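The residues of the chain are indexed from 1 along the displayed sequence. These numbers come from a predicted model, not from an experiment.
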Amino acid sequence: MADVTALTFLALCLPLAGALAAPFVIRIFGANGAWLLAIAPFLAFLHFLRFIPQIARGEVVTGGYSWVPSYHLSFSWFLDGLSLAFALLITGIGTLIVLYAGGYLKGHKDQGRFFSFIFLFMGAMLGVVVSDSFLMLFIFWELTSITSFLLIGFDHEREAARRAALQALVVTGGGGLCLLAGLLLLWNISGVTEMSRLIGAGDVVRESPLYLAALILVLGGAFTKSAQFPFHFWLPNAMEAPTPVSAYLHSATMVKAGVYLLMRLNPVMGATPAWEILLPFFGGLTLVVGTALAIRQTDLKLKLAYTTVSSLGLLVMLIGFGSDHAVEAAALYLVAHSLFKGALFMVAGIIDHETGTRDITRLSGLMRAMPITWVIAIAAAFSMAGLPPFFGFLAKEEIYTALISGDVRAITFTSIAVFGNALMFAVAFAVALKPFLGRPVEMPKHPHEAPVLLWLGPAVLAVLGLLAAIFSTFTHTVLSSPIASAIRQTPVGIDISLAPHLGLPLALSALTVLLGIGVYWQLDRARFLMAVFLRTIGHGPDHGFDVAISGLVRLASHVMRVLQPGRLEIYVTCTFLCVAAILLIPLVVYGELPRFPAWPADVRLYEWAVFLIAAFGLAAVLVARDRLTAIVSLGIQGFAVAIIFLLFGAPDLSFTQFMVETLSVVILALVMTRLRLSPADRRPLGRRLFDSALALACGLGFTLLLMRATEAPFNDALTTFFNAYSKSIAHGANVVNVIIVDFRGTDTLGEIAVVAVTGLAILALIRIRAGSERKLAANDPAAED
C-alpha cells in the first residue's frame, strides 16, 4: 500500500516535472522535444492504467498523507471508476495533446512557456478528479481557473485573448468561491472533509435544512466551470487560446470538471426534487442554446465550441434524471464526447495550420490535398453524429433509452435531446465535409497534408472511438460500467452493443439522422435564420458580462473616492474611532466596566510630586502656542512614567522609558521643525470639540481596560517560569534582560526593525524637504530671503 501511495504521488507530480523541464527541453530539441515531454503524461497514464483490473472488480483505491490532523486536513486521493476514467482521459489525451502542440507551435518563440502552462493545467485537472479531501479539491479547482487564464491569454498581445482570459477567470473563479462555500456547508452538515466518506452521508445531507443552500452553491461552482446557461458565454470566447488548448480544454479537462463534480455528488445530493428539477432544466436549456448558436457560426473552432456547450448541457440533464439508464447514458457519452471532440478540434487546428483560415465559407476541396485529415474528420464526425459503428452511436441509443417515457416531462426532454442531437449531427458533418468536398478554392496558404505530430493525436482518438464500439463488451467492463457504478454507488452493468436492437430508441435515432441531414442540407439558410433571431433578441450574456464588469469598476472607483480620499486626517480619525469603539463597546455591552477603587491613603509626598509634574506637563501641552513647546511638554509625561517605574522597583524598565522618551522628543522636534506646517491651529470649533471627544474616548477606553485587567487575579505562571529558567537556560542573572534578548528575541528584533524603518522614513522626509527647498531656491533666488 505504501508503494501504491508513493507511486500515485509521483504520478500526480509528473505534470509539474514536465512544466519545469519544458522550457529547457524545447530550447535544446525544438519541436521534437514534444516527444520527450510526452513521456511524463504517458507514464502517469500507465500508472493509472494499472488500477483498471482492481477498479473493474468494484474496489476503490485511497491514499495520501495527513497534513493537519487536528482539523481533519489531509493530502489524500480517492480512485474509483469515475475518477480513474477521468485520470485516464486527462493523461492519455494529454499525451496526444503534447505531441500535437509540438507540431502546431513549431517555431513559436514561446513554445517552451506554452508547454509549461499546459503541464500545469494538466496537473491541476488531474488533482481535481483524484482529490479525496475537500481542501485538495478546492485548491486544484482554482488552479484549473488560473492555468486556463494563462493558456487562454497565451497570445497576450491581442486584446481579444486578454479579454477572453479575464472573462474565463472571473466567471470560473467566482464559481470557485461558491464551491468553497458549498464544501464548507457540506462539512458542517456531514462532519466529514473527504469525498470518500461524504458519499456515505447522503441521507444526512439530503435531510439537512441547509441542503438547498449547499446545493445552490455547489451548482454555482459546477455550472460556471462547465459553462451551463447563463454562464455558457465564456467557453466559446476561450477559443482565443491556441488550438491544442481548445482541444484539451473541451475533450478531457476543465469544462468537464463541473460535470465530474455533479457525478461525484450524485449519491450525496441527488434523488431530490430540487436536483431533478434544476439539473434537467438548465442542462436542457444549455443543450438547445449551444446547438442553436453552433449553427450560427462559420469559424470551425467556434462551431465545435458551442457544440461542447450543448454536450455539457446534455450530460447535466442526464445526471439530473438520475435513473439507471440515464447514468449509463452519461457514462457512455462522457467517454464518446472526449474522443470525438478532441479529434475534431485537432482537425480544425490542422485545417487552420495548413490553409491559414478556419472560416468554413472560405474552405473547399481539401480532400485530395489532405486525405489523412479528411478520413480522421469523417470518423470523428460519425461518432459525434451518433452513427454506427462508432462509440457515439451507443451513447445516443442509451440516451434515448433513458429519456423515453409516457409522461410530459420525459416527452419534453426527449424532444430536446432529439433536437440537440440533430443539430450536432449537422455541425459534425459541416466540419467534416464542407472544407473537404467541392472544388478547390484560393486560400491564404497552399494546403498540404499535416506532419505526423499533427495528425497522430486525432487519428488515435478517432480509432479509439471505433474500437471502443466494436469491442463494447470489453469497454463496458473496464470503463463504462465502473463509471456508472461510481455515480450510482451500486453495481451497474452496461450491455449495449452494435448488435441490432429494434425499438423506439432506434426510431428516435433515425429521426435524429433525418433532421440532421435536413439541417445540413439547408445549413446556409439555418445560419441566416439564426443570425436574424439573435439580432431580434438583442444582446446576450456576453454583453452582460461587459456591462457588469464596467459597473463594478465604476462602483469600485466611487468606493475608493469615499474610503481613500487621500487626506491623512480622515485616515487618522477613522483609526481612532475604531480604537475607541473596540475598547469601549465590549466593556459596556458585556458589563465588564471596572469598579473605581478608593483613593489610596498611603501616597507619599514624592509620589504626589511626580503626579503634579505630570499634570503640569499636560497643562503645558494644552496651552503651548508652538509645536516645539508642545513636544517638549509632552515629553514630561513620559519622564514622569519613567520615574514611577523607578519608584516601584523596575529600574531596567525605567531606563528604557527614559531612552525611548528622549529619542521620541528629539525625533519629533527634528521632524516638526523641518516640515512646513501651519503655525497655528486653524480647525473650526466643532472640529476641535469632536477631536477632543475622540481623544478622551480613546484615553478613557485604555484606562478602563487596564483597570479591568488589574482586577483579575494575578497569574504568576510566567513569573515563576522566567525566574526558574532565566539562569539555567539563558545563563543570565538579569531576568528582564533575558526576557528581552532571549525569550522574546524575535519580538525585540521586530521592535528594532520598526524603529529602524521609522528612522529611515524620517530621514526620507527630511531629505525631501531639503531637496524641495533647494529646488525652490534655484527657481526663485528671492525665496531664500
Side-chain angles (χ1 to χ4, degrees), residues 15-16 18-19 22 41 86 89-91 93-94 97-98 100-101 104-105 110-111 113-129 131 136-156 158-180 220-228 231-261 301-302 304-306 308-309 311-312 338 341-342 345-346 349 542 545 549:
L16 177 60
F86 268 95
L89 289 173
I90 291 165
T91 54
I93 296 179
I97 291 294
V98 169
Y100 179 81
Y104 189 84
L105 294 173
D110 293 321
Q111 191 178 24
R113 178 165 63 91
F114 175 85
F115 276 114
S116 291
F117 291 166
I118 203 79
F119 275 117
L120 289 174
F121 185 50
M122 183 188 304
M125 190 60 205
L126 192 59
V128 167
V129 300
S131 291
M136 273 183 63
L137 173 65
F138 174 72
I139 290 174
F140 283 118
W141 185 278
E142 291 300 271
L143 279 176
T144 60
S145 296
I146 295 170
T147 50
S148 67
F149 168 80
L150 297 173
L151 287 168
I152 296 169
F154 177 71
D155 191 6
H156 55 83
R158 293 189 299 110
E159 182 180 355
R162 296 195 301 270
R163 177 186 179 272
L166 178 64
Q167 187 180 73
L169 181 65
V170 170
V171 174
T172 60
L177 295 178
C178 291
L179 175 62
L180 175 61
F223 281 9
T224 52
K225 191 71 84 173
S226 285
Q228 297 300 288
F231 306 109
H232 63 282
F233 54 88
W234 74 264
L235 184 54
N237 290 337
M239 294 305 97
E240 296 295 335
T243 299
V245 177
S246 303
Y248 199 32
L249 188 78
H250 288 251
S251 61
T253 53
M254 180 174 163
V255 298
K256 285 195 172 73
V259 170
Y260 165 80
L261 182 66
K301 281 178 64 176
L302 280 178
L304 294 172
Y306 277 109
T308 296
V309 171
S311 296
L312 295 171
S338 298
K341 190 54 65 72
F345 260 109
M346 286 191 265
D542 188 38
F545 173 84
I549 292 297

Undergrad: Within the distance-only criterion (no hydrogens, no angle test), does the side chain of Tyr104 pair as donor or acceptor with the backbone N or O of Pro244 below 3.5 angstrom?
TA: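 Not at all, since once roles are kept as given, no pair shorter than 3.5 Å links the two residues.
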Undergrad: Could you tell me whether the side chain of Asp542 reaches within less than 4.5 Å of the side chain of Gln167, counting heavy atoms only?
TA: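 A side-chain contact exists here, since the closest heavy-atom pair is under 4.5 Å.
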Undergrad: For residues 236-246, which residue pairs pass the salt bridge (charged side-chain N to carboxylate O under 4.0 Å, His left out) check, not counting sequence neighbours?
TA: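 Found Arg158-Glu240.
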Undergrad: Hey, could you give me the CG/CE distance between Leu16 and Met122, rounded to the nearest 0.5 Å?
TA: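 The CE atom of Met122 is 12.0 Å from CG of Leu16, to the nearest 0.5 Å.
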Undergrad: Could you give me the CA-CA distance, side-chain angles and deciding distance for Thr224 and Cys178, then say whether side-chain contact (heavy atoms from CB on, under 4.5 Å) is met?
TA: CA-CA 10 Å; Thr224 52; Cys178 291; over 6 Å; no
Undergrad: Looking only at non-hydrogen atoms, find the nearest pair between Gly173 and Ser145 and report the distance.
TA: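 Nearest pair, atom of Gly173 first, then Ser145: N-OG, 4.1 Å.
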Undergrad: Return the CE to CH2 distance between Met136 and Trp141, rounded to the nearest 0.5 Å.
TA: 14.5 Å
Undergrad: Determine the minimum heavy-atom distance between Ala168 and Thr172, stating which atoms define it.
TA: O-OG1, 2.5 Å
Undergrad: Considering all heavy atoms of both residues, which atom of Ser246 and which atom of Ala241 are nearest to each other, and what is their separation?
TA: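 In terms of heavy atoms, the two residues are closest at OG-O, 3.8 Å.
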Undergrad: Relative to the ring of Phe121, is the ring of Tyr248 parallel (under 30°), tilted (30 to 60°) or perpendicular (over 60°)?
TA: perpendicular
Undergrad: Flag the pair Phe545 / Val171 as yes when at least one side-chain heavy-atom distance between them is below 4.5 Å, and no otherwise.
TA: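 Contact flag for Phe545/Val171 side chains = yes.
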Undergrad: Got Thr144 and Lys225 here, is their nearest side-chain heavy-atom distance under 4.5 Å?
TA: yes
Undergrad: Give a yes or no on whether the backbone of Met239 and the side-chain of Lys301 come within a donor-acceptor separation of less than 3.5 Å.
TA: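 Judged by distance alone, yes, a pair lies under 3.5 Å.
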Undergrad: Would you indicate whether the side-chain heavy atoms of Leu166 and Ile549 approach each other to under 4.5 Å?
TA: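 In short, these two side chains do not touch, never coming nearer than 4.5 Å.
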Undergrad: Would you give the length of the straight line joining atom CD1 of Ile97 to atom CZ of Phe345, rounded to the nearest 0.5 angstrom?
TA: 10.5 Å
Undergrad: Which heavy atom in Gly349 sits nearest to a heavy atom in Thr243, and how many Å separate them?
TA: CA-CG2, 3.5 Å
Undergrad: Within the structure provided, determine whether Leu120 and Leu143 are in side-chain contact (heavy-atom separation under 4.5 Å).
TA: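 The answer is no; the side chains never approach within 4.5 Å.
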Undergrad: Considering all heavy atoms of both residues, which atom of Ser226 and which atom of Val255 are nearest to each other, and what is their separation?
TA: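 Scanning both residues completely, I find the closest heavy atoms to be OG-O, 2.5 Å.
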Undergrad: Quick one: ring-ring contact (aromatic ring centres under 6.0 Å, His included) partners of Phe115, sequence neighbours excluded?
TA: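 Phe115: no ring-ring contact (aromatic ring centres under 6.0 Å, His included) contacts found.
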Undergrad: CG of Leu137 to CG of Leu179: how many Å apart, nearest 0.5 Å?
TA: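 Answer rounded to 0.5 Å: 6.0 Å.
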Undergrad: I need the Leu249 CG to Leu151 CG distance, nearest 0.5 Å.
TA: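 With rounding to 0.5 Å, CG (Leu249) is 8.5 Å from CG (Leu151).
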Undergrad: Does Phe119 have any ring-ring contact (aromatic ring centres under 6.0 Å, His included) partners at least two apart in sequence or in another chain, and if so, which?
TA: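 If we apply the ring-ring contact (aromatic ring centres under 6.0 Å, His included) test to Phe119, skipping adjacent residues, there are no hits.
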Undergrad: With a 3.5 Å distance limit and no angle check, can you tell me whether Trp234 reaches the backbone of Val170 through a side-chain donor-acceptor pair?
TA: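 No, the answer is negative, given that no donor and acceptor are paired below the 3.5 Å cut-off.
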Undergrad: What heavy-atom pair brings Lys341 and Leu304 nearest, and what distance separates the two atoms?
TA: NZ-O, 3.5 Å
Undergrad: From Met254 CE over to Thr147 OG1, what is the distance, rounded to the nearest 0.5 angstrom?
TA: 7.5 Å
